[in-house]
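All remarks here apply to the structure that follows.
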Amino acid sequence: MIITVLTLYLALVLGIGIISHRLFQNTGEDYFVASRSINWFVLLMTLFGTHMTAFSILGASGEAYHRGIGVFALMASSSAIVVPCVFLFIGTRLWKLGKKYGYFTQVQYFRERWESDGLGLLIFIVLVLLLIPYLLIGVMGGSGTLATITENTIPRWFGGLLICVVVLSYVTYSGMRGTAWVNTFQTLVFMTLGGITFVVIIQKLGGLSEALSKVDTHLLKQSEHIQPLELLTYTCIPLSVGMFPHIFSHCLTAKDVSTFRYPVILYPLCIAVVWIPSVLLGILGNVDFAGLSRPETNNVLIKLIHKHAPGVLAGFLGAGVFAAIMSSLDSQSLSLGSMFTHDIVQHYMKKGGQEKMSDKQHVWVGRFFVIGILSITYILSLIATSSIFKLAIWSFTGFSGLFPIVVAALFWKRSTKIGVYVSIASVTVLWLYFFIQNWQTSGYTVGGTGIMPVAVIILTSSSILFLVSLITKPPSSDTINKFFTI
């Protein structure tokens, strides 16, 4: 019965994607940014849905299982403040530039802003490498969900493959419009079913008070597991949203700049709706499933669903987890297809004096790259065993380290391409160093102080960008006038 419910859900998702194709205009602009026509509600649902991946559902529960209530403070509370500010001060400005100059990707903007093809290529490579772990989170979460909820009737390899095939089908067929419609539906599904999951499991455990009384009290005290400096520097992690390629793509789909008003206002409420149940259920997982290892806690929420809500209800609740996973995977893969099409194929064809691609060729190049990147992600998911939360944090750390670049691009005329080059190099070196340190030492913080590596990376990359830009040649006056007179 569980498999039947999940199959029907996936069929419904495909149906929405197919229906949206009826409005497809068969142009590159429609395929990649939905002809810049998305309203505020769909924009809110797509921005939130694509940001809250398996990380916020499975990863948050798994981390809360070990570290307790403080996990909510680490990511949810800071995201509720930081992310809307990024949309307001960064997203709206990027939308205006994209609308005026016809941009589809970040790389197009950065390349022209700093008059450098080489810089554009470097940023493309770095963004792709950082986004693959984020994609991997979704495939791992989906395959683990199916395997756990069906008691391995559906093996992990098949679950991951199924997720990739479904996402590929509606993304390649309907593009951004289909992705936005499906994301809206899936975001509503996982927000609603997440609440239902919480209520059902709490009732089966005898009520919230009764359930929490069975939990180790240390998990209900933030200070027991999280140092003050760690909590403070975790606020740097949500800055990653300002450099996510998929968030940039969705920002460009807005109908007008006023479309951002409600996403900015309502985003904190959406975070509370999703994160509070996820964190509390992760803590309560200790009641029924004590002693789980880090990789096993990726599926503690699914274990709870399977134990306390078997049958049809488990299928529906599993569909809610699927919704959270696919609402990110689709946007991320489409944004990579857009970047490859515009920043590599089209750009270098034009530079080489070749004929410009037709709209139909635009669409097909993007489709083929989406197929390729998801195929690579699926293969990696077969061998990856890391914590979803941990994997996500390191992906976010890299994007956050690049955040000073977009700030400099938008607000500092004097910033230079050499400054950006060196800044990216510093992010790369420090990210690799801290990544290795973290994998060797569980719970690693800088010098054992509680300071998260992301804070050091951002401070270093910002300082280097500033200092090097001061002593190197600024962009031409034409470029400055182009980007600071809109």
Side-chain angles (χ1 to χ4, degrees), residues 51-83 141 190-191 194-238 267-305 307-308 321 324 387-393 396 442-445 450-452 454:
H51 188 206
M52 297 293 116
T53 179
F55 166 69
S56 57
I57 305 296
L58 303 179
S61 297
E63 191 72 4
Y65 177 93
H66 289 290
R67 305 189 69 184
I69 197 71
V71 170
F72 184 86
L74 286 182
M75 281 300 298
S77 58
S78 58
S79 293
I81 298 171
V82 173
V83 174
F190 78 72
M191 290 177 70
I196 294 173
T197 300
F198 180 71
V199 171
V200 168
I201 293 176
I202 290 299
Q203 287 181 341
K204 292 295 180 70
L205 291 172
L208 183 59
S209 297
E210 175 67 20
L212 290 176
S213 68
K214 301 175 183 178
V215 175
D216 184 345
T217 56
H218 292 298
L219 292 173
L220 303 178
K221 299 177 182 178
Q222 177 178 301
S223 59
E224 294 288 334
H225 296 273
I226 298 172
Q227 301 178 61
L229 284 176
E230 180 182 7
L231 180 62
L232 177 64
T233 53
Y234 244 97
T235 58
C236 296
I237 295 288
Y267 205 88
L269 177 61
C270 293
I271 285 179
V273 168
V274 171
W275 273 79
I276 292 175
S278 295
V279 170
L280 287 176
L281 289 175
I283 295 171
L284 295 175
N286 286 276
V287 176
D288 292 312
F289 307 101
L292 295 179
S293 66
R294 282 282 178 177
E296 288 176 324
T297 57
N298 285 339
N299 295 313
V300 65
L301 178 59
I302 307 303
K303 289 177 180 290
L304 286 168
I305 291 173
K307 179 174 181 177
H308 296 290
V321 176
S387 158
I388 286 177
F389 190 90
K390 193 174 183 180
L391 196 61
I393 290 301
F396 297 170
S442 179
Y444 173 83
T445 58
I451 296 175
M452 293 297 294
V454 63

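What's counted below: heavy atoms across the whole structure, side chains too, no hydrogens, waters or symmetry copies.
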Looking only at non-hydrogen atoms, find the nearest pair between [X] and [Y] and report the distance.
X      : Y      : result
Leu304 : Leu284 : CD2-O, 4.5 Å
Cys236 : Val454 : CB-CG1, 3.8 Å
Thr297 : Tyr65  : CG2-CD2, 3.3 Å
Ser278 : Ala60  : CB-CB, 4.3 Å

Qualifying residues under side-chain contact (heavy atoms from CB on, under 4.5 Å), relative to Thr233, sequence neighbours excluded
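With sequence neighbours excluded, Thr233 shows a side-chain contact (heavy atoms from CB on, under 4.5 Å) to Ile451, Met452, Ala455, given in chain and number order.
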Not counting sequence neighbours, which residues clear side-chain contact (heavy atoms from CB on, under 4.5 Å) with Pro238? List them please.
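Listed in chain order: Ser78, Ser79, Val82, Val83.
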For Lys204, side chain to side chain donor-acceptor pair (under 3.5 Å) partners two or more places apart:
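Once residues adjacent in sequence are excluded, Lys204 has no partner under the side chain to side chain donor-acceptor pair (under 3.5 Å) criterion.
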Pairs in or reaching into residues 273-289: which pass salt bridge (charged side-chain N to carboxylate O under 4.0 Å, His left out), with residues at least two apart or in two chains?
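The answer is Asp288-Lys307.
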Can you run down the salt bridge (charged side-chain N to carboxylate O under 4.0 Å, His left out) pairs that involve residues 274-285, sequence neighbours left out, and say none if there aren't any?
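Qualifying pairs, neighbours excluded: none.
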Rounded to the nearest 0.5 Å, what separation is found between the [atom1] atom of [X] and the [atom2] atom of [Y]?
X      : Y      : atom1 : atom2 : value
Leu281 : Ile305 : CG    : CD1   : 8.0 Å
Leu208 : Gln203 : CG    : CD    : 11.5 Å
His308 : Ile202 : NE2   : CD1   : 9.5 Å

Would you please name every residue forming a ring pair (Phe, Tyr, Trp, His ring centres under 6.0 Å) with Phe72, sequence neighbours left out?
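Phe72: no ring pair (Phe, Tyr, Trp, His ring centres under 6.0 Å) contacts found.
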